[in-house]
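Chain letters run A, B, ... following the sequence lines, proteins first and then strands; every chain starts at 1.
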Amino acid sequence: MSALFMVFEQKERKTMNDNLTQGLSKLCNIALTDEEAEKMQIELEKIIDFMKKLAELDIDKLSEMSHPFEGVFPLREDKTEPSYSREEMLKNAKNTENGCYRVPKAIKEK
Amino acid sequence: MKITEKSALSLGKMLQSREISVIELLTEYLKETEAKKDLNAFITICRDESVKRANLIQKNIDDKVLSSPLAGVPMAVKDNICTKNILTSCASKMLSDFKPPYSATAVERLEKAGAVLIGKTNMDEFAMGGSTESSYYGSVKNPTDTKKVSGGSSGGTAAAVASNQCAYGLGSDTGGSVRQPASFCGITGLMPTYGSVSRYGLIAYASSLDRIGVMGKNMSDCAAVLSEIYGSDKKDMTCSVAKKTDFTSFCDLGIRGMKIGIPRNFFSGQTDAFVGKSVLQGARELEKSGAELYEFELPLTDYYLPTYYITACAEASSNLSRYDGIKYGFCQSGDELEQMYVKTRTEGFGLEVKRRIMLGTYVLSSGYYEDYYKKALKVRRLIKDSFDDAFKKYDLLLAPTAPTTAYNIGENRNDPLKMYQGDIYTVAASLSGIPAASIPCGKNQEGMPIGMQLMAPQLREDVIVRVGCAYEKITGGSVDE
């Protein structure tokens, strides 16, 4: 699972606000009960409202800083080195077969 | 003084001079962990492993192949730092059976120096929290008053050190998680410069903010431990600048002529009056050793918390997407892959983790990304610049670690935003990548510890060590005899 991005059109943006928790649950692959969702909606709205404080600042021309050190990090040589064994890496998995992770079918049959 | 109350360095000397053996010392600490298990500071006690290790270390000391100042001294490690074949749970159901196939670089370096791992400490789940109340294994109690929180997320390590269940410990700090529990429990907590201690083996929360930090009874101990773990590591690309340094060499250098900036806006608003008074009193003590104090105003304080929470939650939502039940960790099977993901993540994560993943997902989603995440990254630059400007005038900045002392267990659980407010003075150092520490500077009228925060420029942990040690000398606060 990679980082989660989804494109919303304007009408979906409005829907996202109205059903904030439902939309986010789907994106995060986390289910909430109705009671949990109601509570979460209130909490998230409060926190998101608090985060809107940044809108007060006029910073359009500034560049982003995603990292506290802005130098170039040295890369190592592109050389194969010994690493951990397959067995060690599979040790913590719940379902394995023939040295692979075993998962439910991902592609649905027509 | 009980042997378990002594500092790590004095214990190291006693072990080298054979006044006590490693196994005798370990036995005393194991008795403490048994006597104080109600504090719930530990998730795992490594009884058998630590005894085997103690015997090995003793042999190495006897054969004169190990003379490190910390050889044989028992340590605790926060449970989000990998220890080979020992449960590393992040205090989450999601990793409640996870035994890493490798140890973190920081752990390996300490083991090379002869450390004895006594156990893995309790924490807020996935390091998300400021009170160690969100742990799958239950809350950690403050040793000073067991009705109160130990702070978080490294609350277990803080409580273990404060209650003499170990001589020192490792924690992790993303927005204050070493410094704030150190403040709440009355010990020293040191967060080094971002990228100066390898994050290899630190289970990620927010990768541009996470750091492994040290928690100990005094600054000299923290300096000694930091010296062992500090320095570049090929296994962590972000840890490539720092050079191995002996920080204990700075302990006795004093602080004459040092310029200390005190941001006056850190002492108003929500800062408890007693906390503010104690920290300022602490600052005045440093004047007796020749430091010069200057009050000034740090800008942008109103924007620290939104910037931090947007950045940290965004990174967390990405980092925690790896927990899908396939490669490791809790797994709830489903007929289809997506069903398996949802069931696993729904049951495996606690509420606070779910909240932060959702927040992070929101601020990264198209339509909101520009207004929140990109904006936060720009404000992060502004915050860092404001600290860089302050460090042009001052060698060190001094402020409260937290606006209050430890509060009652359960008091803030239903109000996450109120909980987040407790991080107001610690997140700025996290965002800027600078080192910072909390040292105890007094107690309030209920006897609860108060912490004073010391912040220095990037890679200038030496300044923090000098000030911390000087403060302990002036106030008689060091535990060394």
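For A:Ser25, the parts lying near chain B are the backbone and the side chain together; criterion is any non-hydrogen pair under 4.5 Å. The part of A:Lys39 that comes within reach of chain B is its side chain, from C-beta onward, which places non-hydrogen atoms under 4.5 angstrom from that chain. Both the backbone and the side chain of A:Phe50 come within contact range of chain B, each with at least one heavy atom under 4.5 Å from a heavy atom of that chain. Heavy-atom distances place both the backbone and the side chain of A:Met51 under 4.5 Å from chain B. Residue contact with chain B, scored on non-hydrogen atoms closer than 4.5 Å, involves the backbone of A:Lys105 exclusively. There is no contact between B:Ala314 and chain A, counting heavy-atom distances below 4.5 Å. For A:Leu90, no part sits under 4.5 Å from any heavy atom of chain B, backbone or side chain.
A donor-acceptor pair under 3.5 Å is formed between the side chain of B:Arg381 and the backbone N or O of A:Glu64. Listed for the B:Thr346 side chain is a donor-acceptor partner under 3.5 Å among the backbone atoms of A:Ala31. The closest donor-acceptor contact from the side chain of A:Asn95 to the backbone of B:Ile326 lies at 3.5 Å or more, if one exists at all. Without hydrogens or angle criteria, B:Lys378 side chain to A:Asp60 main chain gives a donor-acceptor distance under 3.5 Å.
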>> Walk me through whether A:Val103 and B:Glu336 qualify under side-chain contact (heavy atoms from CB on, under 4.5 Å).
In response: CA-CA 9 Å; A:Val103 300; B:Glu336 291 174 352; over 6 Å; no
>> As a quick check of understanding, evaluate side-chain contact (heavy atoms from CB on, under 4.5 Å) for A:Ile48 and B:Tyr368, giving each step before the final call.
In response: CA-CA 11 Å; A:Ile48 290 165; B:Tyr368 299 97; over 6 Å; no
>> As a quick check of understanding, evaluate side-chain contact (heavy atoms from CB on, under 4.5 Å) for A:Leu57 and B:Tyr303, giving each step before the final call.
In response: CA-CA 9 Å; A:Leu57 295 168; B:Tyr303 307 102; 3.8 Å; yes
> Run the ring pair (Phe, Tyr, Trp, His ring centres under 6.0 Å) check on B:Tyr102 and A:Tyr84 step by step: do they pass?
Replying inline: CA-CA 9 Å; B:Tyr102 61 91; A:Tyr84 302 102; 5.5 Å; yes
>> Please evaluate residues B:Lys343 and A:Asn29 with respect to the criterion side chain to side chain donor-acceptor pair (under 3.5 Å), reporting the C-alpha separation (whole Å), side-chain torsions for both, the decisive distance (0.1 Å), and the verdict.
In response: CA-CA 8 Å; B:Lys343 282 181 169 184; A:Asn29 282 307; over 6 Å; no
> Do A:Ile30 and B:Phe349 pass the side-chain contact (heavy atoms from CB on, under 4.5 Å) test, and can you show the C-alpha distance, the side-chain angles, and the key distance before you say yes or no?
Replying inline: CA-CA 9 Å; A:Ile30 292 170; B:Phe349 289 140; 4.2 Å; yes
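No other option in B:Phe330, B:Tyr372, B:Tyr373 has as many heavy-atom pairs under 4.5 Å with chain A as B:Tyr372. Chain B forms the most heavy-atom pairs under 4.5 Å with one residue out of A:Lys52, A:Glu36, A:Arg76, and that residue is A:Lys52.
Residue-environment remark: CD (A:Glu38) stays at or below the threshold of 12 foreign heavy atoms within 6.0 Å. Within 6.0 Å of the CD atom in B:Glu338, the count of heavy atoms belonging to other residues, nucleotides or ligands does not exceed 12. Enclosure of atom CD in A:Glu56 by more than 12 non-hydrogen atoms of other residues, nucleotides or ligands within 6.0 angstrom is indicated.
A:Asn92 is not listed as a side-chain neighbour of B:Lys327, based on a closest heavy-atom distance of 4.5 Å or more.
Using a 4.0 Å cut-off between charged side-chain N and carboxylate O, B:Arg355 and A:Glu43 make a salt bridge. Using a 4.0 Å cut-off between charged side-chain N and carboxylate O, B:Asp97 and A:Lys94 make a salt bridge.
Scanning for side chain to side chain contact (heavy atoms under 4.5 Å, CB included) contacts around B:Ser232 gives an empty result, with sequence neighbours left out.
B:Leu431 and A:Pro68 make their closest contact through O-CB, 4.3 Å (heavy atoms, listed as atom of the first residue, atom of the second, distance).
Here the CZ-OG distance, from B:Arg380 to A:Ser66, works out to 7.5 Å after rounding to the nearest 0.5 Å.
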